[in-house]
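Structure first, then comments.
Each chain gets a letter, A, B and so on, in the order the sequences are listed, and its residues count up from 1.
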Amino acid sequence: MLEAQSLFSFYGKSPIIQDVSFRIAPGSFTSVLGRNGVGKTTLLRTIMGLTDGIGGRLFFNGTDLGRTRTYARGPMGIGYIPQGREIIPRFTVRENIVMGTYARPDRKRDIPDYIFELFPILREFLHRRGGDLSGGQQQQLAIARALAMDPKLLLLDEPTEGIQPNIVRQIEDVILKLNRELGITVVLVEQNVHFARRASDQFIVLDKGRVALTGSGEELSDEIADKHLTF
Amino acid sequence: MNRSFAFDCIGYGLFAVLILLVVPWALDFDGFELNTFARYLALGMVAMALALSWGCAGILNLGQAATFGIGAYVMAMHLKLRASENMPGGMPDFMGWTNVESLPWFWEPFHSLSITIAAGFLIPALVAAVMGTFMFRGRITGVFVAIITLAFLVAIQLVFIEEQRYTGGQNGLTGLAPLQLFGWTADNYSLDFYYFVAGCLIVALMLGIGLVRSKVGLVLRAIKEDPDRVRFFGYDVARYETLAFCASAAIAGWAGMLYVLVLEFASPTYMGVSFSLAIVIWCAVGGRESLVAAAMGGIIVNMLEGRLSDVFVDGWTLFLGAAFILVVLLMPRGLFGLFQMALARTQVLCRGMRGDSGVLGKSTTAIVTHTHDDGRR
Amino acid sequence: MAQLELKQLVAQFGGVFAVNKLDLSIRQGELRCLLGPNGAGKSTTLDLICGKTPPTGGQIVFDGRDITNLAEFRRARAGIGRKFQTPSVFKELSVIENLELARSREPGVLASLRVFRTRVTGRLREVLELVSLQDDIHTRAGNLSHGQMQWLEIAMLLVQDANLLLFDEPTAGMTIQETHRTGEIFNSLKGSHTMIVVEHDMSFVRQIAETVTVMHQGSLLAEGCIEEVESDPGVREAYLGDGGRDHA
Amino acid sequence: MASILLMVALGLAIIYGAMGVINLAHGEFVMLGAYSAWLLQTYFGFSILVSLPLVFLMVALAGLAVERGVVRWLYHRPLDTILATWGIGIVLQQLVRMGVGSDSRYVGRPTILDGNVAIGGVVMSNYRIFLIFFSIAVLAGTWYLLTRTEFGTKLRAVIQNKEISECYGIRAEHVYALTFAYGAGLAGIAGALVTPLISVTPSMGTYLVVDAFLVVIVGGVGSLLGTAVASGLVGEATAFFSFLFNDTLGRVAVLLSIILLIRFRPQGLFPDKVRR
């Protein structure tokens with residue numbers, strides 16, 4: 001579904017992602033792990049076309065993303081949930097979710113019902129401003145926004161960072177459900193090894209912009225975690 | 001600070017030779033032409049003054065014409081008093097028409113030439129100091145500086161037009177006496193006078209260059225790039241910015257004084273929004289990062305204006321506007337940037353032909369990429 | 001005698017406590033590593049010390065003087081130097097110009113009006129050699145490699161003659177060799193300079209660390225030598241997410 | 001005049017709020033609007049009211065051309081937009097001067113709005129009352145466009161977070177271009193409506209733009225309410241100070257107060273107050 005061949009990605013002249021290759025199968029769950037500042041976020045931003053330039057090749061369902069503008073990538077079915085959630089603070093919850101539908105190729109503007117079944121709290125707060133929600137609620141909103149576009153692939157950047165533990169579990173369950181029950185392909189950037197291990201079909205460990213290690217979910221041992229993720 | 005010093009010196013030297021020797025010769029020492037060119041020089045001087053604050057420190061002052069105008073009026077007041085010596089009470093003619101009883105107190109000091117000249121520098125500088133302290137202490141930057149200075153300019157111009165009794169209003173100050181300096185009477189159509197203006201420009205340039213080449217210039221360039229970082233090295237950023245602003249104002253005032261000598265009248269249009277933005281245009285066309293280039297910009301644009309407006313009476317402004325848009329879009333560093341790029345290219349070519357790779361070759365490639373970068377930004 | 005002391009320091013941004021009642025005390029000449037997961041408040045702590053962010057509560061004492069409310073350029077003059085996360089050298093200036101700028105013992109306008117040339121002698125030469133930039137003094141800083149820019153910024157702090165150096169991820173973007181060399185530079189500065197280093201690269205931390213402090217959600221989580229801290233269960237949990245839960 | 005100022009400032013505020021572009025050519029859009037109205041009346045006999053939609057379209061197209069041709073290259077260089085749009089202003093002025101000539105033109109007031117009304121002892125012309133209501137209608141319409149339509153939602157999304165908006169399929173470039181055109185169109189309408197009050201000259205826009213700009217800054221970037229209140233306030237303050245001193249010094253006093261305000265409240269009177 002998503003394939004990178006010797007991918008480089010630049011901010012200015014400095015290559016943040018260097019020579020990264022991977023292949024992500026439809027319906028799979030991939031975790032991208034690594035310490036702070038190794039390029040995990042940049043990798044997702046590269047997939048969305050938000051870096052200054054790329055080298056190598058990047059394909060989504062056979063389309064060369066190197067030739068696709070950012071605004072055209074959403075409608076192809078890539079839903080991005082950025083780090084820090086980045087919901088629109090002055091928009092109401094409803095407007096935020098509707099914004100997701102702008103990326104629908106079929107131009108429908110109604111919000112699928114299952115979103116509110118997943119996040120009942122959002123139905124309750126439909127007319128509150130996004131900026132007034134708590135961190136956990138904002139995260140739910142960010143996911144809901146991405147779901148409103150009916151994505152085939154979800155890119156999640158540290159969705160549980162800075163969120164109260166009880167909601168973390170809830171969000172993790174939703175992400176799992178989206179993958180297992182709705183068949184949405186998931187790429188998850190995460191620091192929490194336990195969730196990555198529980199959920200992933202495959203994992204990629206990045207170090208200094210390069211792939212340090214890959215493997216299947218079960219292979220994600222404590223040793224690897226200690227070596228690449230602690231500190 | 002050292003590398004391009006020789007290169008720059010050649011540039012300044014060429015400029016001095018150009019305006020001191022080549023221009024008078026090319027103009028056949030014709031009094032009228034020399035006067036016209038002296039006018040360009042004075043305008044080049046304001047452009048250079050703007051480069052001091054805009055190019056060096058990144059302070060876009062859209063009100064540069066205010067300080068220029070103040071300088072102009074200061075000089076005009078002195079000359080007007082000279083011309084009015086035989087009038088009743090020594091009062092300028094327009095005051096008589098508007099029923100002013102006696103010479104207002106703030107006109108009195110301008111009987112003295114030395115006070116006038118000092119005031120021509122100091123009043124603009126003082127105004128700039130107040131404005132600068134006011135803005136920069138509050139960490140006002142970028143667009144807001146532009147807006148504040150623009151609003152200030154409009155306010156000043158309105159006052160000068162309104163207070164017709166003291167300033168001659170819309171008409172400005174006309175019918176001025178020639179300047180008498182150390183027994184020398186300035187005949188503004190003479191060669192001496194041209195050299196006087198040219199000399200002033202060169203001295204002003206040298207002072208400006210001294211400022212830019214000193215550590216102050218370095219700090220200012222750093223402030224332009226990242227003011228916060230400069231603060232963390234212990235510099236009082238607001239004070240440096242104010243200094244640049246003042247120096248720029250003082251030179252603009254100086255240019256204003258010369259301009260009055262050349263044209264023999266002062267008018268509130270000197271403080272107009274259009275004139276002020278025109279200064280910005282000259283500076284941008286020449287290249288705001290170099291004082292000499294900015295001065296050249298002022299001279300070249302005005303020269304073209306003088307020549308082309310004879311040929312295409314109306315089309316000229318159109319041409320100016322279009323040229324300006326193109327300059328902003330395509331060469332944000334002005335003619336100077338273009339020149340630098342060309343120079344760097346030729347250097348690479350020469351090195352390439354001599355087959356000289358290695359360290360030197362590497363450093364020139366670095367220059368080339370640098371200019372490219374700026375071109376895109 | 002502590003050179004720098006943070007007492008119950010608080011920084012709050014719109015309801016979120018970036019730094020929450022932090023106590024920290026650092027000796028003259030000590031090198032302290034500051035660790036912690038994303039958002040633990042490490043960079044904010046440095047911001048508070050150098051004056052980039054005003055604290056909402058608490059006190060900062062430097063050399064026995066309360067600097068909590070001092071303007072940033074006055075703190076710099078008092079001897080606090082800061083290196084930012086992304087290298088913030090002046091890219092438009094050459095290496096030597098950057099250093100001249102950093103050499104700010106007389107930061108007044110009048111003093112600066114008298115300086116026209118930079119002589120590469122004495123301390124400046126030493127520092128240049130320390131960071132191996134002596135052959136590139138006229139290179140525009142923007143054309144240096146990423147690692148060299150980081151070194152240039154370190155060099156700038158050194159010529160600034162700051163007593164307390166604050167480093168935010170000094171080795172980010174460096175190659176392994178460059179990182180190692182940076183570690184050597186840091187080690188050579190121990191004793192003469194007080195340093196606080198925020199860093200994620202553990203091999204680098206091991207190379208330089210004496211005492212490490214671990215922060216989590218704005219507060220102090222653990223403090224001690226590196227082995228102690230590494231085996232601290234609280235630290236492991238903070239880093240690896242909600243660790244106990246899955247096994248329970 | 002406050003109502004004209006409001007319409008000019010509104011267009012400017014939208015352009016500045018959305019893209020951070022200081023559009024010094026805005027005054028020339030006003031001027032283009034005025035000339036379009038004159039053109040339509042002189043050659044086709046349209047009354048101003050009839051020609052408003054046409055004027056809006058014509059000036060909006062001019063705005064679109066300017067955005068596509070020049071401004072879009074400068075979004076990351078806000079100071080340079082000041083310079084470039086000034087250049088555009090010069091060009092537009094000169095083109096009109098060459099095309100139509102530089103003498104003043106006059107446009108008649110729509111006959112249905114002739115006459116005066118006395119309200120509480122103050123006599124106001126029908127036309128001015130119409131202007132006040134019309135400008136309020138324009139304000140309401142703009143508010144509706146921004147908050148209740150899909151285009152408005154997209155615009156607000158782009159203003160607040162361009163990157164994420166693009167990730168959700170919004171073409172920021174299109175949004176910018178249309179916004180610029182809309183702002184220009186509003187200026188055009190203002191220009192058409194001002195024609196019965198002042199004479200039409202190529203340079204009529206220059207002094208309006210400075211005032212309108214100050215209004216935008218005073219009102220606070222991105223706040224329609226702020227712009228509305230500020231244009232009322234600047235209008236009133238000018239009248240008040242003019243009453244105290246005289247017209248010119250009144251204007252000077254307003255300018256100086258605005259300078260003070262910018263210095264101490266650069267965010268304007270009604271800044272966005274939502275935490276992120």
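- Between P75(A) and G169(D), the closest heavy-atom pair is CD-CA, 4.0 Å.
- Taking the ring pair (Phe, Tyr, Trp, His ring centres under 6.0 Å) definition, one finds that F91(A) meets it with nothing, sequence neighbours left out.
- Heavy-atom neighbours of chain D within the stretch residues 52-71 of chain A, taken at a separation under 4.5 angstrom, comprise R69(A), T70(A), Y71(A).
- Under the ring pair (Phe, Tyr, Trp, His ring centres under 6.0 Å) criterion, Y176(D) pairs with Y75(D), sequence neighbours left out.
- For Y114(A), the OH atom is densely surrounded, since the number of other residues' heavy atoms within 6.0 Å is greater than 12.
- Note on R85(A), M48(A), R145(A): by heavy-atom pairs under 4.5 Å with chain D, the leading option is R145(A).
- Between R156(D) and R90(A), the closest side-chain pair of non-hydrogen atoms is not below 4.5 Å.
- The line from CD1 of I88(A) to CD of Q160(D) is 5.5 Å long, rounded to the nearest 0.5 Å.
- Contact between I164(D) and P82(A) at its shortest, heavy atoms only, is CD1-CG, 3.5 Å.
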Note to self: Run R73(A) and E166(D) through salt bridge (Lys or Arg N to Asp or Glu O under 4.0 Å) and show every step you take.
What the structure shows: CA-CA 9 Å; R73(A) 297 189 194 196; E166(D) 294 217 305; over 6 Å; no

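- Heavy-atom neighbours of E236(D) CD from other residues, nucleotides or ligands within 6.0 Å: at or below the threshold of 12.
- The shortest non-hydrogen separation linking C167(D) to Y80(A) is SG-CD2, 3.7 Å.
- E150(D) touches chain A through backbone and side chain together, each having a heavy atom under 4.5 Å away.
- Here the CE-OH distance, from M149(A) to Y168(D), works out to 6.5 Å after rounding to the nearest 0.5 Å.
- S165(D) touches chain A through backbone and side chain together, each having a heavy atom under 4.5 Å away.
- When the shell of 6.0 Å around OH of Y144(D) is examined, it contains 12 or fewer heavy atoms from other residues, nucleotides or ligands.
- Chain D is approached within less than 4.5 Å, heavy atom to heavy atom, by E95(A), M99(A), G100(A), Y102(A), A103(A), R109(A) from residues 94-109 of chain A, ordered by number.
- Interface residue A146(A): backbone and side-chain heavy atoms are both found under 4.5 Å from chain D.
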